[in-house]
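What follows is a single structure, written as structure tokens, with notes after it.
Everything numeric in this text was worked out from a predicted model, so none of it was measured. Labels below follow one simple rule: chain letters A, B, ... track the order of the sequence lines, proteins then strands, and each chain is numbered from 1.
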Amino acid sequence: MTHESVPDLAESKDFIRERIDKDMESGAYGGRVHTRFPPEPNGYLHIGHAKSICLNFGVAREYGGKCNLRFDDTNPAKEETEYVDSIKRDVRWLGFEWDGTELYASDYFGKLYDYAETLIKKGKAYVDDQTADEIRDSRGTLTEPGRESPYRNRSVDENLDLFRRMRAGEFPDGSRVLRAKADMASPNFVMRDPVLYRIRRAHHHRTGNAWCIYPMYDFAHCLSDSIEGITHSLCTLEFENNREIYNWLLEAVDVPRPRPQQTEFARLNITHMVLSKRKLIQLVQGGHVRGWDDPRMPTLSGLRRKGYPPEALRELCARVGMSRAAGTVAEYSLLEFCVREVLNKTAPRLMAVLDPIKVVIENYPEGQTEWFDMPCFPEEGGGAPVNWSGPVTRKVPFSRELYIERDDFKEDAPKKFFRLSPGREVRLRYAYFITCTGVVKNEAGEIAEIRCTYDPATKGGDAPDGRKVKGTLHWVSSGEAVPVETRLYEHLFAAGEVEAPEGGNFTDTLNPDSLRVVTARVEPALAEAKAGDVVQFERLGYFRADEDSTPGKPVFNRTVTLKDAWAKIEQKTGG
RNA sequence: UGGGGUGUCGCCAAGCUGGUAAGGCAAUGGACUCUGACUCCAUCAUCCGAGGGUUCGAAUCCUUCCGCCCCAGCCA
């Protein structure tokens, strides 16, 4: 029995692994598997990228192969080093390491240029002097073929000369492009003489101003794959149409065999989440969130900050599986399930009250405080995880005045309500049984405090006479409780399907309550939490200490709530 | 409209050489419980986008139709 961080859920392999199996059997790649994760460094990675990362690195790991991290940096106008750094950090956080150093398409600008000359010499590419508009207008429509450029039949010598002068910087931006001489009548638009190189005087994050012509994706990607010896080039469905030019170019410049093969899979979508870069930018720039790593963002940095462990994201990807069905959407509840599953095994349990109401124990001596030793990991749960290095118990003060959760008390309680209410007895976790004797109200008629008595014989939480209670409540001692900022998150979008309303913007559907900040009362041990610590607030949920925490003053993010059966009962019975 | 894809339970997804619908999430009922959590047990597609056809037998083969996604950036 091995202890993989992600269980092997698949009873059958997905279509990509099946294909690789076949290639292994046939020896098509000499038993090699070499993949690559190829982000463009123009933004932050989000949960959608996690699927591609898990696939590419996962496949390499499973087949004893390699996976490169290659930055597809062929458009200098959009790319920045800042993104390179965040992408590397996020991939590592997810638990993967690329083969060797990270690679860049820009590493191959020289080789790619040579391939372009090769293409020209073979009569398979030409320099087009048409404007962008002219090129677009002559590309044809869905039903009509495109028209050939008047420059399409220039001589090889002229093309070579022009292309060299493009590179030398003799022509202004946008004045000429290098195009593949493919098929203007192809029903596949991608084949209608795609642009291979454009003139663009922009500072490149790595090559600076060394180049003024840059290759397009279609030209750079297949050849970069070939240069790196990639065997399986895995990408998302929207590149299906590009597969034809991918293969055409490899054949046209006659790269050595075996050649990489492109295989597409459906991207990951999750309800309540927007994953389009355009929309994410709007959320940040519109000030709807506090930044790219706002815990409400679907970015890996946001999810990390919220407290989602990398194991959970890997498990999500494994559970969602691979298919070619576009537009499928995983439910957010599956993600939350994965998060809880990981955290349930790893998070220490402590007590905090989010919405406090005061309880006075009438028969408990005034001024007395007793300290209980309480386990951080309940026995039934198997105790602390094997790699746990923190404390396994902590001291918790008990006194005459406590706070409990406002929801845990009802003056007029329905039968199914197992919590505190006048005349009923409940257990304060690991402490005593208490019985409610009544309430004290303020002038407004609101409950100011709850009066109770406790049974000293139940110390530790068990009655020697075998008497049982239906409910166990979490609590904190009011005198020693520490007030801490706690951020409660809900979906950024309440609707599962994020859509712009008629004549509006998708931001119109933002959930106004996606962030609620409360002052929680936490037991003393919790006040010691440091940024990155993840704990369970008993009966409430999992919380992670945010980077905004300072010594003795933690700030907590709610990662995910616990499942709440009572909430369902209450909903059904109408409160 | 041309081309390329895709349609199996509320959601994701097995099923591919035809033999009589895996699994997970969600949901529901129950057991257990010092977290109404966890765990455990049980229920949950006579039906596979629709209609024809082939066959003793089809989600799987043929055929017609319908829905949805992608493509007309000098973005990736």
Side-chain angles (χ1 to χ4, degrees), chain A residues 9-12 14-15 18 38-40 42 72 74-75 77-78 128 130-132 135-137 139-146 173-179 186-192 194-200 214 216-218 220-221 235-244 264 266 268 271 277 318-338 340-341 344-345 349 351 378 380-382 416-419 427-431 433 460-462 468-474 496 536-541 561-569:
Chain A
L9 301 156
E11 303 200 344
S12 57
D14 57 63
F15 71 99
E18 270 178 12
E40 180 185 16
N42 69 342
D72 230 333
T74 56
N75 184 357
K78 291 177 154 188
D128 196 339
Q130 292 185 106
T131 65
I135 289 178
R136 192 186 57 241
D137 291 344
R139 185 128 35 211
T141 67
L142 291 179
T143 49
E144 304 157 26
D173 283 14
S175 60
R176 281 179 233 259
V177 292
L178 182 73
R179 286 231 257 172
S186 172
N188 180 0
F189 279 101
V190 177
M191 295 306 289
R192 320 246 263 226
V195 171
L196 269 20
Y197 267 90
R198 73 282 214 186
I199 305 172
R200 170 104 95 231
Y214 291 94
M216 298 286 289
Y217 167 85
D218 282 321
H221 205 89
C235 62
T236 47
L237 244 26
E238 62 268 28
F239 291 100
E240 261 178 312
N241 298 317
N242 300 261
R243 192 170 66 233
E244 193 176 353
E264 312 85 20
L268 174 65
T271 60
K277 197 161 284 174
R319 283 178 184 272
V320 162
M322 282 293 155
S323 81
R324 291 176 57 82
T328 60
V329 190
E331 287 180 347
Y332 202 100
S333 58
L334 177 60
L335 208 206
E336 291 195 319
F337 169 84
C338 294
R340 290 191 188 106
E341 181 157 82
N344 178 45
K345 294 182 201 142
R349 271 68 165 166
M351 294 196 289
E380 318 86 70
K416 291 246 193 180
F417 186 79
F418 300 151
R419 282 110 96 139
R427 170 168 42 234
L428 294 179
R429 176 138 241 226
Y430 294 132
F433 284 12
D462 273 314
K468 300 286 186 195
V469 288
K470 296 283 269 181
T472 299
L473 310 185
H474 60 279
Q536 185 193 100
F537 288 2
E538 290 229 33
R539 300 210 304 137
L540 295 174
T561 61
L562 257 32
K563 287 219 284 187
D564 188 351
W566 167 243
K568 281 178 189 166
I569 296 168

Note to self: For B/G67, give the paired nucleotide (Watson-Crick: N1-N3 plus N6-O4 or O6-N4; G-U: N1-O2 and O6-N3; both under 3.5 Å), or none.
What the structure shows: B/U6

Next item on the list: Using only heavy-atom distances, decide whether a donor-acceptor pair under 3.5 angstrom links the side-chain of A/Arg324 to the base of B/U6.
Entry: no

Notebook entry, point to check: Is any side-chain heavy atom of A/Leu540 less than 4.5 Å from a side-chain heavy atom of A/Thr561?
Noted result: no

Checklist line | With sequence neighbours excluded, residues passing side-chain contact (heavy atoms from CB on, under 4.5 Å) with A/Ala325 | finding: A/Ser323, A/Thr328

Next item on the list: Using the P atom on both, measure B/C65 against B/A58 and round to a whole Å.
Entry: 24 Å

Check: With sugar-phosphate meaning primed atoms plus P, OP1 and OP2, does A/Tyr430 contact a base, only sugar-phosphate, or nothing at under 4.0 Å between heavy atoms?
Finding: base

Checklist line | Spatial distance of atom CG (A/Leu196) from atom CG (A/Asp128) [nearest 0.5 Å] | finding: 12.0 Å

Margin query: Between B/G36 and B/C44, how many Å separate the two C1' atoms, rounded to a whole number?
Written below: 23 Å

Notebook entry, point to check: Taking the side chain of A/Leu562 as its heavy atoms from C-beta onward, which of B/U35, B/C69, B/U1 lies nearest to it?
Noted result: B/U35

Check: With a non-hydrogen cut-off below 4.0 angstrom, is A/Val329 in contact with a base, only sugar-phosphate, or nothing?
Finding: sugar-phosphate

Note to self: Please tell me whether A/His474 and A/Arg429 have a donor and an acceptor in their side chains that are separated by less than 3.5 angstrom.
What the structure shows: no

Notebook entry, point to check: With a 3.5 Å cut-off and just heavy-atom distances, do the side chain of A/Glu244 and the base of B/G4 make a donor-acceptor pair?
Noted result: no

Next item on the list: Look at all strands and tell whether A/Pro378 reaches a base, only sugar-phosphate, or nothing, counting heavy atoms closer than 4.0 Å.
Entry: base

Margin query: Test of understanding: with side-chain contact (heavy atoms from CB on, under 4.5 Å), list the residues that count as partners of A/Met322, not counting sequence neighbours.
Written below: A/Asp14, A/Phe15, A/Ile16, A/Lys51, A/Leu55, A/Phe265

Next item on the list: Using heavy atoms to find the nearest nucleotide of RNA chain B for A/Ala325 and A/Leu540 separately, return the residue whose nucleotide is more 5′.
Entry: A/Ala325

Notebook entry, point to check: Is the gap between the ring centers of A/Trp566 and A/Phe417 under 6.0 Å?
Noted result: yes

Note to self: Categorize A/Gln536 for me: base, sugar-phosphate, or nothing, with a 4.0 angstrom heavy-atom threshold over every strand shown.
What the structure shows: base

Check: Taking only N and O in the side chain of A/Ser333, is any of them less than 4.0 Å away from OP1 or OP2 of B/A26?
Finding: no

Item checked: Whole-Å P distance, B/C62 and B/A27 -> 40 Å

Notebook entry, point to check: Partners of A/Lys78 by side-chain contact (heavy atoms from CB on, under 4.5 Å), sequence neighbours excluded?
Noted result: A/Glu40, A/Asn42, A/Asn75

Next item on the list: Answer yes when A/Asp173 and A/Arg200 have at least one side-chain N-carboxylate O distance shorter than 4.0 Å, and no when they do not.
Entry: no

Check: How far does the C1' atom of B/G18 sit from the matching atom of B/A59, given to the nearest Å?
Finding: 10 Å

Check: Base, sugar-phosphate, or nothing: which does A/Gly321 touch, judged by heavy atoms less than 4.0 Å apart?
Finding: nothing

Checklist line | Pairwise P distance, B/U8 and B/G51 [rounded to whole Å] | finding: 16 Å

Note to self: Distance check needed: B/G15 P versus A/Met322 CE, whole Å only.
What the structure shows: 14 Å

Next item on the list: Between B/G15 and B/A76, how far apart are the C1' atoms? Round to whole Å, please.
Entry: 35 Å

Item checked: Gap between atom CD of A/Glu264 and atom OG1 of A/Thr236 - 0.5 Å precision -> 9.0 Å

Notebook entry, point to check: Rounded to whole angstroms, how far apart are CD on A/Glu18 and C1' on B/A13?
Noted result: 13 Å

Note to self: Could you tell me how far apart A/Phe418 (CZ) and B/G36 (P) are, to the nearest whole angstrom?
What the structure shows: 10 Å

Check: Roughly, in whole Å, what's the span from CG in A/Asp14 to C1' in B/A13?
Finding: 11 Å

Checklist line | Results of side-chain contact (heavy atoms from CB on, under 4.5 Å) for A/Ser333 - residues two or more places apart only | finding: A/Glu331

Check: Are the charged groups of A/Arg319 and A/Glu341 less than 4.0 angstrom apart, N to O?
Finding: yes

Note to self: One thing to verify: whether A/Lys563 and A/Glu336 come together as a salt bridge, which I'm taking to mean a side-chain N less than 4.0 angstrom from a carboxylate O.
What the structure shows: no

Notebook entry, point to check: Between B/G5 and B/C9, how far is it from one C1' atom to the other, in whole Å?
Noted result: 24 Å

Check: Do A/Arg243 and B/G4 share a donor-acceptor pair, side chain to base, under 3.5 Å?
Finding: no

Next item on the list: Can you check each nucleotide of nucleotides 70-76 of chain B against protein heavy atoms at under 4.0 Å and return B for base, S for sugar-phosphate only, - for none, in 5' to 3' order?
Entry: BBBSBBB

Check: If the sugar-phosphate is the primed atoms plus P, OP1 and OP2 and the base is the rest, what is the B/S/- string for nucleotides 28-33 of chain B, using protein heavy atoms under 4.0 Å?
Finding: SS----

Check: With a non-hydrogen cut-off below 4.0 angstrom, is A/Phe417 in contact with a base, only sugar-phosphate, or nothing?
Finding: base

Checklist line | Atom-pair distance (CD on A/Glu331; C1' on B/G24), nearest Å | finding: 12 Å

Next item on the list: Please measure how far the P atom in B/A22 lies from the corresponding atom in B/G10, and state the result in whole Å.
Entry: 16 Å

Note to self: Just the rounded figure in Å: distance from P of B/A27 to CD1 of A/Ile569.
What the structure shows: 13 Å

Notebook entry, point to check: Using purine N1 to pyrimidine N3 plus N6-O4 or O6-N4 for Watson-Crick, or N1-O2 and O6-N3 for G-U wobble, both under 3.5 Å, which nucleotide pairs with B/G36?
Noted result: none

Note to self: Using O4'-C1'-N9-C4 for purines and O4'-C1'-N1-C2 for pyrimidines, with syn meaning within 90° of 0, is B/G10 syn or anti?
What the structure shows: anti

Next item on the list: Round to a whole Å and report the spacing from CD of A/Glu264 to P of B/C69.
Entry: 19 Å

Check: Is the shortest side-chain N/O distance from A/Thr328 to OP1 or OP2 of B/A13 below 4.0 Å?
Finding: yes

Next item on the list: In whole angstrom, give the distance that lies between atom CG of A/Leu473 and atom P of B/A37.
Entry: 15 Å

Notebook entry, point to check: Considering every strand shown, what is the Watson-Crick or G-U wobble mate of B/A21 when both distances are under 3.5 Å?
Noted result: none

